[in-house]
A.B. asks: 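Pasting a structure here, questions to come.
Just so it is clear: chains get the letters A, B, ... in the order the sequence lines come, proteins before strands, and each one is counted from 1.
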Amino acid sequence: MAGQPLPGTARGERRIMTHEYDFHTIETRWQKKWEKEDLFKADPNAEKRFYCLTMFPYPSGVLHMGHVINYTLGDIISRYYLLQGFNLLSPMGWDSFGLPAENAAIRTGTHPQPFTEQNIEKMTAQMQRAGWGYDWTREIATSHEEYYRWTQWLFLQFYKQDMAVKKTAPVNWCTPCGTVLANEQVHEGKCERCGTEVEQKDMSQWFFAMSRYAQRLLDGHEKLRGHWPDAVLAMQEDWIGRSEGARVDFHVAETGKTISVFTTRPDTLFGVTFMSLAPEHPLVEKLVSGTEHEQRVMPVVKSMRRQGTSEKDIAEREKVGVWTGFHVTNPVNGEKVPLWVANFALMSYGTGAVMAVPAHDQRDFEFARKYDLPIKIVITPNDCELDPTTMTEAYVDAGTMIQSGPFDGRNNREAMPDIITWLEEQSVGKKTINYRLRDWLISRQRYWGAPIPIMYCDACGIVPVPEADLPVRLPHDVHFQEGQGNPLATSESFMNCTCPQCGGKARRETDTMDTFVDSSWYFLRYCDPHNMEAPFDPTVLQHWMPVDQYIGGIEHATMHLIYARFFTMVLHDMGLLSFEEPFKRLFCQGMVCKTAYFCHTHKWLPESDVEGQREGDSIKDGTCKHCGASVRSEMTKISKSKYNVVDPDKMFDRFGADTVRLYMVSDAPPDKMQVWSESGIHGAWRLLTRLWTLVLQQIPSLSTPETSIPTELGSTDVALRRKTHQCVVRVTEAIEGGFQFNTAIARCNELLALFRSTADQVHPTIRRETLEFVIRVLAPIVPHFAEELWMHLGHQKSIFRCGWPQADMNVAKEDEVEMPVQINGKIRARMQFPTDTDQATIQEAVLDCPDVKKWLQDKTIRKIIVVPNKLVNIAIS
RNA sequence: GCCCGGGUGGCGGAAUGGCAGACGCAACGGACUUAAAAUCCGUUAUCCGUAAGGGUGUGCGGGUUCGAGUCCCGCCCCGGGUACCA
C-alpha cells in the first residue's frame, strides 16, 4: 500500500498517487463551502439551541498554541452538537483593550488603534485557516466604540446602584516613568523599564463593590458543582475566603480612639499580648505625628510602604514591625498591650488591624520571639503543661481555657459561641463573617481601555456622564511617551468638558476601566451584537443564555471567572437578566508549556539565542549567545514575553489544519498541562494519510450507500462490527464526558488495525459501515478531511448535516471475557468465560484448572474472591 | 508563604480499588528500493535465565485491603494562580 511522505521531508513534494491527500486544496474548498452554506450562522428562532463559548483572545497579532488547543476543543464541541441536531451559537471576538498595545505605543509612538486592528486582521486569517467555525456576523471587539459605549453604560448602572464607588488604594508608582506599574512590571521591587525602586502611592480610584456579593458567589457554587471542574470551585472558594469569627473593639489607651479587629479565635482574646496595624493604616500617621515617636516610627513605616503590594510579596517577605509608642486596652480584661505596626497586617483584609496571641498563633509566636514580646497561655492541652519561656511553637489545638476570666475551665471550641454572645452583651464585639474577597479595583491609569464615564465639576462634584452622551470616546490628540503618566491626561479636548448639571467647567475622569470589565459581559453581547439601543435585548438573551459550554484556560480560574459571575449577578439584580450564573458547564484546558531561557544580563532569551546541546525539545545547560553566561531554563506557560512561543502558522503550512487539530487532541488529555513538542505530530499525519489511502482503495469494492446489513454474518464480520460500534460508544463518551479525545482516537486506531487485517474477509456492507462510522466520529476533529472522504463515499450532503452515528449496544457487547486468575495477588493463569458468567460457575472452573491446581498443592485456601467479568483472586497460606 | 494541579517505559500518555504500560512517538530488526525517503511486517519497562519461567517496578517513606498507579497519613520535586499580564 503506497502512503504519503511526511510533508517537509527531503523529497516531500513527490507525488505518488492520483488521489493524493492534498490538504491545502481540500481545506480551502470546504472552508468556502461552509461559509457559503452558513453552516455556523446561528438561527435566533430555532428551538434546540447550544451556546458554545471559548475565551476570546487578546489580539497579540499571532495565535499561540494555547489558543490553538482552546479553539480546537471549542470547534470539536460545536461540530459535535451540530451533528447532534442542535442549533449552534459559536461566536468569536477580541479582548482588544490592554497593556501590550499601550506598551507598544509608548515604545514606537504609534497609536494602539491601528496596531490592534492589524493584529485582529492577522489573527482572523489564522483562525479561518484552522477551520474553526464561527458566526462571524457576531464578531465584536471590546475596543470598538459600539462595544465600549455599553461597557460605559453598564458602569453607569453600577454607579446608580451605588455598586461603583470611589476609595483610596495604594498602587505601584514609578516616579521617573510617571506611571502606575502592574505587578508583573515590578521585578524585585524595581521598575522593569527604568530600574528605579518602586514606591507605594495612595490614589483615589473606582471600585465595584464586589465584596457585597461574596456570599452570593459562594452560594452559586451549589448550582455549578458537577458541571465545573472541582479544582476551579475550590480555588474560588479559597479566593472568596469566608471565615467566621468576631469583631472586637479595642481602644488606644493614650487617646481613647477605637481600633476594631477581626478574629476567628475569640477564644484566645485573654491571651492578647500586642496588636499590629497595617503600614497603610491611616491611624498610624495620626497617632505618631508630632510625638516623640514620630522620628523612630515613620521611617520604618515608610520603608514598609515601599515594599511591593502583591500578595506573594507580602506573604514571603520577612515579618518586621515597629512599636508605635502607644498601647491598646484589651476590652475583655482591661490589660494594656503595646500597639505595633507590622508588615504582615493587611489593610485590605479585615479591619487592617490584628490582635496577636503568640501562645496560640504560629505567626504571632515567631514575631513575639523575634521582638521579645510577652507570651501568655490561655489554652492548655489536657495531657501536658505549656511553658511560655521554653515552648518552641504556638499551641493551636483544642484544650482547656485558663486565665480567661469567666471562661476558665471550659473547652475552648465548645465555649466559642458563648464567648461571642458574652462579647455582644458587654458591647465590645459582634459575631462577624469576614471574607477575603476584596472590592474590585477597576481604575487603570492608562489610555487603552474604556474611559470611565465620570466628570468632576468644581460646583457639583462627581457627575456621571449622561447616558445620551455615551460613548466617551478615546481622543486621538494624545502623546505616547515614556515618563508622561496616563496619555489620556495629555489630551486637552478630552480633559476639558462642561458639567451637564450646572453648565460650568468640568474635568473628565482620566482613568480607564480594567479590561476584566470588558470581558465580564462579552458573552452577553454575542447574543445581540448589533443592538444600538441597549447592550442587549433581554428577550434575545432569554433564548441563548446561559452559555452551555464554556472552554478556556485554567489560569482564569479565579479572576475572570469570578468577575464574570459577579457581573452577571449584579445585572440579574438590576432586572436585566433572568439568570444568575452565566456559564452552565465549564471545561478548563491545561496550559501549553515550553522551556524558556533566562540570562541575568539579557533577560528572557529566544531559543535561537541559547547555545548548547539539544536534548529532545530543549537545550540542556545552555549559554547566552550575547555574553556567554550560563542561562537558567524554566518550564513555563508559553508567552510572548518569555520568547517560548510556537507559531502555529508554520505547522498549518506544513501539515494542514486537520493534522494539527488531530495532533492537539490525540496525545494528552486536554485538562492536563501540556509540554509542547512537535515529535508526535507524525502520528496524526500518518493516521490521516493511511485512512485516506485505505478509504479510496476500498471504495470500488464497497456496497452502495444505504444498503442494509445482511442478517447472517460470519465471525469476522461480527468482530469488526462489534469493534466499530464500541468505537462509536467510546468517542461519544469522550465528548460528552471528560473531553478524553486521546483515548477515543486510540480506539479508532485499534479499529482501523482490525479492519486492515480482516477486510478481505468482511462483507462489503460491513466494510462501508466501519469506514463511514470512523469518518463520521472523526469529523468534529478533522472536518475538512471527513467532508472530502464523505463526498468520495458517494454522499451529497455535508457530513455535518447527516447526524451523529448511532451505536447499537447489542452489537457492541462482548460475548466472551478473559479473566486472569491471581494467587495471592499474582497472576498464575488466564481463563475464558462467556460474559456475565455467575460467580459459582467461575469458581468451580477455576479450581478445576490444572494451571491453578499446581499452585494450590499443600496449601490452605483462605479466601476466594470472584469479580465477574474481571478477575479471580485466591488467597492461600 | 497560601490555594489548586501534576509526578507511570527513552518520550506523550492508558488503566469504575481488580491483568500496569492501551494508542501513538522515537529506537532497533526485517521486507520493498540501485539508493534514500515514504510505505509494510516485527521487537521494544527492567533484572535473572539459552529457553520455559521467575523476580522487581507507577516521585520518596509508612498505612488500610484478598488486591493500591488509584484510598489514608507524612515528605520531596515540578507547574498554575496569588487581585494592575490576559
A.B. asks: If the glycosidic angle sits within 90 degrees of zero it is syn, else anti. Tell me which applies to B/rG9.
C.D. replies: syn
A.B. asks: So, under a plain 3.5 Å distance rule, would you say the side chain of A/E311 forms a donor-acceptor pair with the base of B/rG1?
C.D. replies: yes
A.B. asks: Please answer whether the main-chain N or O of A/L181 pairs with a side-chain N or O of A/N172 as donor and acceptor at a distance below 3.5 Å.
C.D. replies: yes
A.B. asks: Whole Å only: how far is the OH atom of A/Y58 from the P atom of B/rC85?
C.D. replies: 13 Å
A.B. asks: Looking at A/T515, I'd like to know whether one of its side-chain N or O atoms comes within less than 4.0 Å of OP1 or OP2 on B/rA86.
C.D. replies: yes
A.B. asks: Using a 4.0 Å heavy-atom cut-off across all strands, classify A/H556 as base, sugar-phosphate, or nothing.
C.D. replies: base
A.B. asks: Could you tell me whether A/I554 contacts a base, only the sugar-phosphate backbone, or nothing, with contacts defined as non-hydrogen atoms closer than 4.0 Å?
C.D. replies: nothing
A.B. asks: Select base, sugar-phosphate, or nothing to describe what A/I562 touches, counting heavy atoms under 4.0 Å on all strands.
C.D. replies: nothing
A.B. asks: Should B/rG53 form a Watson-Crick or G-U wobble pair with both distances under 3.5 Å, which nucleotide is its partner?
C.D. replies: B/rC48
A.B. asks: Under 4.0 angstrom, heavy atoms only, what part of the nucleic acid is A/E818 near: base, sugar-phosphate, or nothing?
C.D. replies: base
A.B. asks: When all nucleic acid strands are considered with a 4.0 Å heavy-atom cut-off, which category describes A/M559: base, sugar-phosphate, or nothing?
C.D. replies: base
A.B. asks: A/R686 has an atom CZ; how far is it from atom P of B/rC40, in whole Å?
C.D. replies: 5 Å
A.B. asks: Counting heavy atoms from C-beta on, name the nucleotide in B/rC23, B/rG12, B/rG54 closest to the side chain of A/W855.
C.D. replies: B/rG54
A.B. asks: Taking any heavy-atom pair under 4.0 Å as a contact, classify A/Q205: base, sugar-phosphate, or nothing.
C.D. replies: base
A.B. asks: At under 4.0 Å between heavy atoms, what does A/R747 touch on the DNA or RNA strands: base, sugar-phosphate, or nothing?
C.D. replies: base
A.B. asks: Check whether any side-chain heavy atom of A/D667 lies under 4.5 Å from a side-chain heavy atom of A/Q674, and answer yes or no.
C.D. replies: no
A.B. asks: For A/K826 and B/rU56, is the shortest distance between a side-chain N/O and OP1 or OP2 below 4.0 Å?
C.D. replies: yes
A.B. asks: Does the side chain of A/W448 come within less than 4.5 Å of A/T512's, by heavy atoms?
C.D. replies: no
A.B. asks: Report yes if a side-chain nitrogen or oxygen of A/N183 is closer than 4.0 Å to either non-bridging phosphate oxygen (OP1 or OP2) of B/rU82; otherwise report no.
C.D. replies: no
A.B. asks: When the P atoms of B/rC60 and B/rG7 are considered, how many whole Å apart are they?
C.D. replies: 13 Å
A.B. asks: Output the rounded distance in Å from NZ (A/K312) to P (B/rG79).
C.D. replies: 11 Å
A.B. asks: In whole angstrom, give the distance that lies between atom CD1 of A/I240 and atom P of B/rU82.
C.D. replies: 16 Å
A.B. asks: Using a heavy-atom cut-off of under 4.0 Å over every strand shown, decide if A/V171 touches base, sugar-phosphate, or nothing.
C.D. replies: base
A.B. asks: Both A/E316 and A/K642 contact RNA chain B. Which one's nearest nucleotide lies toward the 5' end?
C.D. replies: A/E316
A.B. asks: Tell me whether the side-chain N/O atoms of A/H682 come closer than 4.0 Å to OP1 or OP2 in B/rA26.
C.D. replies: yes
A.B. asks: What contact category does A/A557 fall into here, base, sugar-phosphate, or nothing, at under 4.0 angstrom with non-hydrogen atoms?
C.D. replies: nothing
A.B. asks: Which is true for A/K319 with a 4.0 Å heavy-atom rule: it touches a base, it touches only sugar-phosphate, or it touches nothing?
C.D. replies: nothing
A.B. asks: Starting at atom CG of A/L871, determine the distance to atom P of B/rU16, rounded to an integer number of angstrom.
C.D. replies: 14 Å
A.B. asks: Does B/rU65 have a Watson-Crick or wobble partner in any strand here, with both distances under 3.5 angstrom, and which is it?
C.D. replies: none
A.B. asks: Could you give the OH-to-C1' distance, from A/Y349 to B/rU82, as a whole number of Å?
C.D. replies: 15 Å
A.B. asks: At under 4.0 Å, does any side-chain N or O of A/N742 touch on OP1 or OP2 of B/rA14?
C.D. replies: yes
A.B. asks: Is it true that A/Y563 and A/W521 have ring centroids separated by less than 6.0 Å?
C.D. replies: no
A.B. asks: Base, sugar-phosphate, or nothing: which does A/R828 touch, judged by heavy atoms less than 4.0 Å apart?
C.D. replies: sugar-phosphate
A.B. asks: Is A/K319 positioned over the aromatic face of A/F344, cation under 6.0 angstrom from the ring centre and no more than 45 degrees off axis?
C.D. replies: no
A.B. asks: Whole-Å distance between B/rC84 P and A/E192 CD?
C.D. replies: 16 Å
A.B. asks: Among B/rA83, B/rC84, B/rC23, find the nucleotide with the atom closest to the side chain of A/R446.
C.D. replies: B/rC84
A.B. asks: CZ of A/F566 versus P of B/rA83: gap in Å, rounded?
C.D. replies: 18 Å
A.B. asks: How is A/W239 classified with respect to the nucleic acid when contacts are heavy atoms under 4.0 Å: base, sugar-phosphate, or nothing?
C.D. replies: base
A.B. asks: Across the strands shown, which category fits A/E184 at heavy-atom distances under 4.0 angstrom: base, sugar-phosphate, nothing?
C.D. replies: base
A.B. asks: Using side-chain contact (heavy atoms from CB on, under 4.5 Å), reason through A/R747 and A/V729 one step at a time and then give a plain yes or no.
C.D. replies: CA-CA 10 Å; A/R747 298 294 88 78; A/V729 172; over 6 Å; no
A.B. asks: Any base atoms under 4.0 Å from A/T636, or only sugar-phosphate, or nothing? Heavy atoms, all strands.
C.D. replies: sugar-phosphate
A.B. asks: Establish, with yes or no, whether the OP1 or OP2 oxygen of B/rC84 is under 4.0 angstrom from a side-chain nitrogen or oxygen of A/R444.
C.D. replies: yes
A.B. asks: Please determine, for the side chain of A/A182, which listed nucleotide (B/rG81, B/rC19, B/rC84) has the closest atom?
C.D. replies: B/rC84
